[in-house]
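For reference, the structure is listed below as structure tokens.
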Amino acid sequence: MWRIRSSIRRLPRAEAPPEVSARICLDKNESPFDLPHGLKKELFEKLSKIPLNRYPPGYPTELEGKIAGYLNLSPENVIVANGSDELIGLILKVFEGDHIVISSPTFGMYDFFAALEGIKVIDVPLGEGFELGDVERFADGARAIFICSPNNPTGNTHPKKRIIEVLETGAPVILDEAYAEFAKESNIDLVKDYDNLIILRTFSKAFGLAGARLGYAVASEETMDYLRRVLPPFSVNSLSLKAGEFMFEHLDYVGHVIRYIIEERERLYREFKDYTYPSEANFLLMKLDAHDFLLKRGIVVKKLGGRLKGHIRVTVGRKEENDELISALREFINLTAG
Ligand SMILES: *Cc1c(COP(=O)(O)O)cnc(C)c1O
């Protein structure tokens, strides 16, 4: 007789997302730009030479080397995986401890993987200004303390000084830097000083490869040694590895996109200053209950709940998409203010 584990039975059912026919998708924090035609052709020519009958290369992959070079670290400090989401689950398998610590409102996948492991989630909500609360109080026995900076969905970063205070507890700290490329400063330098720090990065946002499913973790060599033991072999396919390497040959293009997004983010922020929180990511948190209104105009944004009920999270899009968003939101504000 087969039985479903209770930790699995408690998970919400995987439902097909509602059919939305939006022209403008600003709900998933993706890059609004696919690779330009010329670059895509160049990449596909490289992909055509990959032997698909062979497994991907073993570690350290060429991509791990390139990431390490980019971060000024050694390949032993880097692990690539099938999206940084996959890494969250793997990291929770490495450490002892009966709970994780999160700070809501934040990214939902930390809860999800804790539920899979059957461990408790202790929430120390962010403060009024979305600053980190006293997470140190629950450091004892924590399998991991999750810090998301810039935080999804609020867009703010946490000061390095504060992150160091949490690291000083000695508990494993998972610092999710999925949006670091859009922020003023990163915390990669701390990896050299703290063995209990694992930083998560992704190709899904600034690098524009959400469809390739590619993420990476950065940590000390000792921590990585254990993480590599739980990583399934060949987790990343040859095609995605090559796509990731390709982006490092075109960092000027990536940098151009990042500057474009930051400029557009600041334009949207100035436009709706009274309703918008400052952001160091590729999205903005807005105190406007405009999800349904925008959807009728073909623009899909993320509707938030709980403490952020009545708020939306808006991904920064292309100029012309942002122009449409601006005029729709102005209309919404005029209607609701009138
Ligand atoms: C988008 C996002 C990720 C990226 O996940 P991938 O699996 O690499 O696509 C990770 N963390 C946060 C907070 C995110 O918003």
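These numbers were taken from a predicted model, which means no experiment stands behind them. Values below: all heavy atoms of this structure, side chains included; hydrogens, waters and symmetry mates excluded.
Taking the side chain as every heavy atom from C-beta outward, P150 and S279 never approach each other to under 4.5 Å. Counting heavy atoms from C-beta outward, L52 and L239 have side chains that approach closer than 4.5 Å. The shortest distance between side-chain heavy atoms of L285 and L304 falls below 4.5 Å. Side chains of T169 and F138 form no contact here, defined as non-hydrogen atoms less than 4.5 Å apart.
Checking side-chain atoms of R265 against main-chain N and O of A281 turns up a donor-acceptor pair under 3.5 Å. Judged by distance alone, the side chain of T276 and the main-chain N or O of K273 form no donor-acceptor pair under 3.5 Å. Checking side-chain atoms of R313 against main-chain N and O of K302 turns up no donor-acceptor pair under 3.5 Å. R143 places no side-chain N or O within donor-acceptor distance of the main-chain N or O of K93, the cut-off being under 3.5 Å.
More than 12 heavy atoms of other residues, nucleotides or ligands lie within 6.0 Å of NZ in K160, so this atom counts as buried by the packing criterion. Within a 6.0 Å sphere centred on CZ of R229, heavy atoms belonging to other residues, nucleotides or ligands number more than 12. Atom CD of E96 is surrounded by 12 or fewer heavy atoms from other residues, nucleotides or ligands within 6.0 Å. Counting heavy-atom neighbours within 6.0 Å of D134 CG, excluding the residue itself, gives a total above 12. Heavy atoms of other residues, nucleotides or ligands lying less than 6.0 angstrom from CG of D225 number more than 12. Counting non-hydrogen atoms of other residues, nucleotides and ligands closer than 6.0 Å to CZ of R267 gives a total above 12.
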Table please: side-chain donor-acceptor pairs of residues 4-16 below 3.5 Å, with sequence neighbours left out.
unit_1, atom_1, unit_2, atom_2, d
R9, NH2, I4, O, 3.0

Under 3.5 Å, sequence neighbours excluded: what are the donor-acceptor pairs made by side chains of residues 84-91?
unit_1, atom_1, unit_2, atom_2, d
E86, OE1, N82, N, 2.7
E86, OE1, S235, OG, 2.8

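Ring geometry, F248 versus F207: the interplanar angle falls from 30° to 60°, so the pair is classed tilted. The aromatic rings of Y55 and F234 sit parallel to each other, their planes meeting at less than 30°, with 60° as the upper class boundary.
Distance check, rounded to the nearest 0.5 Å: CG of L71 to NZ of K66 gives 14.0 Å. In this structure, NE2 on H158 lies 10.5 Å from CZ on F130, to the nearest 0.5 angstrom. Taken from CD1 in I326 to NZ in K319, the straight-line distance is 11.0 Å, to the nearest 0.5 Å. Annotation: the span from S149 atom OG to E177 atom CD amounts to 6.5 Å, rounded to 0.5 Å.
Checked against the 6.0 Å centroid threshold, Y216 and F203 count as a close aromatic pair. With ring centers used as reference points, Y260 lies under 6.0 Å from F33.
For the side chain to side chain contact (heavy atoms under 4.5 Å, CB included) with S238, the qualifying choice from L47, I50, T61 is I50, the only one to do so. Screening E222, E64, E221 against R228 for a salt bridge (Lys or Arg N to Asp or Glu O under 4.0 Å) leaves a single residue, E64.
In this structure, the side chain to side chain contact (heavy atoms under 4.5 Å, CB included) partners of A290, at least two apart in sequence or on a different chain, are L288, L294, I312, L329, F332.
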